[in-house]
Amino acid sequence: MKLVTFENSAGAEAIGILDGEKVAVLDRDAHRAFGSMLALIEGGDEALEAAAKARAGSSMIDLSSVRLRAPLPVPVQMRDCLTFEKHLRQCRSTMSKIDPNAQDLEPEDVQLAQVWYDQPVYYKGNRFSVSGMEDEILWPKGETRLDYELELGMITSKGGMNIAKADGQDHVFGFLIFNDFSARDHQMLEMGGGLGPAKGKDWKTANAMGPCIVTKDEIGDGSGLEMVARVNGEEWSRGNSSTMQHSFARILEHVSRDEEVRAGEFFGSGTVGGGCGLEMNRFLSPGDVVELEIEGIGLLRNTIGPRQA
């Protein structure tokens, strides 16, 4: 199923099942799990089975008559990983060329720490700074190099500690598109202090997700998906999720070691190789329309807001 959270013309929020240009509304009065996307996730297999059954008899409304929100407007937790080697190498290569104090490096000359190969590395983001389909992206104050990042996102289906890699798929609810918008000036400044990213990632609307959550029965483990980014209709990026160094099952194994993972958490794949402007030293401008498309999921579109001084 392709599950969405939306607002109707009266501004009321509901969840439903996307079916082409229609949405099958899941009536919150029909089942306790239909009150929100998080309630549906926490309801487990029984709730998904109820949604599938309700689909046949539910009211169908035009997609054009509602406003899609982020499928999970407030994730229980947000972690974003860094699993694509090409992305990391190309970003560091570009940064070396724009820093007059750095050694000029080609991607193949960039050295990565062994820990990156040994385990998934990640940071925790601001779960309250989530935006959705067609939302305008706030331009952070003082920023000159606003960037998009093309990522695959995963939502957990249930909690656990010390999850074995072989059991990781059992903890996957589904997948969505994630645009990890980045303020590169802020990010580079603060990470020079030894921590971060913080203000380079966490401003309001920075975490764009959507347009739906595709359940794992339709999309498997998220591998082998073609990923494309366009700016104002021009293709800027193309990659494939098959090039992840660490699978989501491995990510869950690592993160859950001595730590509890809960249902409704968000995990990002990190940016696919070639999947951001920094890798090309090419950045966004106010009014740009950014579209991310991932095979089997759909298209996420956002417009960049006006520049703030």
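Just the heavy atoms: all of them, side chains too, but no hydrogens, waters or symmetry mates, feed the values below.
- More than 12 heavy atoms of other residues, nucleotides or ligands sit less than 6.0 Å from atom CG of Asp62.
- Side chains of Ile61 and Phe6 form a contact here, defined as non-hydrogen atoms less than 4.5 Å apart.
- Taking both residues in full, the closest heavy atoms of Gln308 and Lys141 are given as OE1-CE, 3.6 Å, listed atom of the first, atom of the second, then distance.
- Checked by atom type and distance alone, the side chain of Ser58 never pairs as donor or acceptor with a backbone atom of Ala24 at under 3.5 Å.
- In summary, of the residues considered (Phe266, Phe173, Phe175, Phe267), a ring pair (Phe, Tyr, Trp, His ring centres under 6.0 Å) with Phe248 occurs for Phe175 alone.
- Within the 3.5 Å criterion, the main-chain N or O of Leu105 finds a donor-acceptor partner in the side chain of Ser93.
- In this structure, the separation between CE on Met209 and OG1 on Thr5 is 12.0 Å, given to the nearest 0.5 Å.
- A donor-acceptor pair under 3.5 Å is formed between the side chain of Thr156 and the backbone N or O of Gly264.
- With contacts defined as side-chain heavy-atom distances shorter than 4.5 Å, the pair Phe181/Asn302 qualifies.
- By the neighbour-count criterion of 12 heavy atoms within 6.0 Å, atom CD of Glu46 is densely surrounded, having more than that number from other residues, nucleotides or ligands.
- Residues Ile251 and Thr83 are in side-chain contact: their nearest non-hydrogen atoms beyond the backbone lie under 4.5 Å apart.
- Taking each heavy atom of Leu225 and Ile219 in turn, the nearest pair found is CD1-CD1, 3.7 Å.
- Counting heavy atoms from C-beta outward, Pro211 and Leu299 have side chains that stay 4.5 Å or more apart.
- Residue Asp258 holds its CG atom at 6.0 Å from CE of Met161, rounded to the nearest 0.5 Å.
- Ile41 and Val261 fall into different hydrophobic clusters, where Ile, Leu, Val, Met, Phe, Trp and Tyr side chains are chained together by heavy-atom contacts under 4.5 Å.
- A salt bridge is defined here as a Lys NZ or Arg NE, NH1 or NH2 lying under 4.0 Å from an Asp or Glu carboxylate O, and Arg92 with Asp99 fails to meet this definition.
- Put simply, the side chain of Val290 does not reach to within 4.5 Å of the side chain of Arg301, judged on heavy atoms.
- When all heavy atoms of Pro306 and Glu136 are compared, the closest pair comes out as CD-OE1, 3.9 Å.
- Connection of Val130 to Val74 is not established within any shared hydrophobic cluster, with ILVMFWY side chains joined at heavy-atom distances below 4.5 Å, either directly or through further cluster members.
- Minimum interatomic distance between Ile213 and Pro71 (heavy atoms only, all atoms of both residues): CG1-CB, 3.4 Å.
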Item to check | Worked verdict on Asn207 versus Met78 for side chain to side chain contact (heavy atoms under 4.5 Å, CB included) | outcome: CA-CA 10 Å; Asn207 301 308; Met78 276 195 69; 3.7 Å; yes
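- The main-chain N or O of Asp170 is found under 3.5 Å from a side-chain atom of Ser157 such that the two form a donor-acceptor pair.
- For Ala51 against Leu40, the heavy-atom pair with the smallest separation is CB-CD1, 4.3 Å.
- Rounding to the nearest 0.5 angstrom, the gap separating the CG atom in Leu18 from the NZ atom in Lys2 is 6.5 Å.
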Audit row: Val272, Ser237, side chain to side chain contact (heavy atoms under 4.5 Å, CB included) steps and yes/no: CA-CA 9 Å; Val272 71; Ser237 304; 5.7 Å; no
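- Here the side chain of Lys216 pairs a donor or acceptor atom with the backbone of Val172 at under 3.5 angstrom.
- Within the 4.5 Å cutoff, no side-chain heavy atoms of Glu265 are placed close to those of Val255.
- Expressed to the nearest 0.5 Å, how far CZ of Arg184 lies from CG of Asp147 amounts to 4.0 Å.
- Not a single donor-acceptor pair under 3.5 Å links the side chain of Glu21 to the backbone N or O of Ser64.
- Of the inter-residue distances, the one linking Leu278 atom CG with Cys91 atom SG reads 4.0 Å to the nearest 0.5 angstrom.
- When Arg230, Met280, Glu291 are each tested for a side-chain contact (heavy atoms from CB on, under 4.5 Å) with Trp236, only one passes: Met280.
- Cluster membership for Met244 and Leu82, using ILVMFWY side-chain heavy atoms within less than 4.5 angstrom, is not shared.
- Using modelled atom types, one side-chain atom of Glu190 and one backbone atom of Gly200 make a donor-acceptor pair closer than 3.5 Å.
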Task: Test side chain to side chain contact (heavy atoms under 4.5 Å, CB included) applied to Thr271 and Phe84, step by step - done: CA-CA 7 Å; Thr271 305; Phe84 292 94; 5.7 Å; no
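- Atom-to-atom distance recorded for Ser182:OG and Leu146:CG is 8.0 Å, nearest 0.5 angstrom.
- For the pair Glu106 and Lys97, the salt-bridge criterion is met [side-chain N within less than 4.0 Å of a carboxylate O].
- Cluster membership check: Trp203 shares its hydrophobic cluster with Trp139, using side-chain heavy-atom separations under 4.5 Å among Ile, Leu, Val, Met, Phe, Trp and Tyr.
- Counting heavy atoms from C-beta outward, Lys201 and Glu149 have side chains that approach closer than 4.5 Å.
- A donor-acceptor pair under 3.5 Å is absent between the side-chain atoms of Thr94 and the main chain of Asn281, judged by distance alone.
- Using a distance-only test at 3.5 Å, with no hydrogens or angles considered, no donor-acceptor pair links the side chain of Thr303 to the main chain of Gly287.
- Looking at Arg69 and Glu13, a side-chain N of the basic residue comes within less than 4.0 Å of a carboxylate O on the acidic one, giving a salt bridge.
- Taking all atoms of both residues into account, the shortest heavy-atom contact from Arg307 to Pro286 is NH2-CD, 3.7 Å.
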* To do: Take Asp167 and Leu252, measure what side chain to side chain contact (heavy atoms under 4.5 Å, CB included) needs, and give me the verdict at the end.
  => CA-CA 9 Å; Asp167 299 327; Leu252 284 169; over 6 Å; no
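- Glu85 places a side-chain heavy atom less than 4.5 Å from the side chain of Tyr117.
- Val25 and Met1 fall into different hydrophobic clusters, where Ile, Leu, Val, Met, Phe, Trp and Tyr are joined by side-chain heavy atoms under 4.5 Å apart, directly or via other members.
- With hydrogens and angles ignored, the 3.5 Å screen pairs no side-chain donor or acceptor of Gln119 with any backbone N or O of His246.
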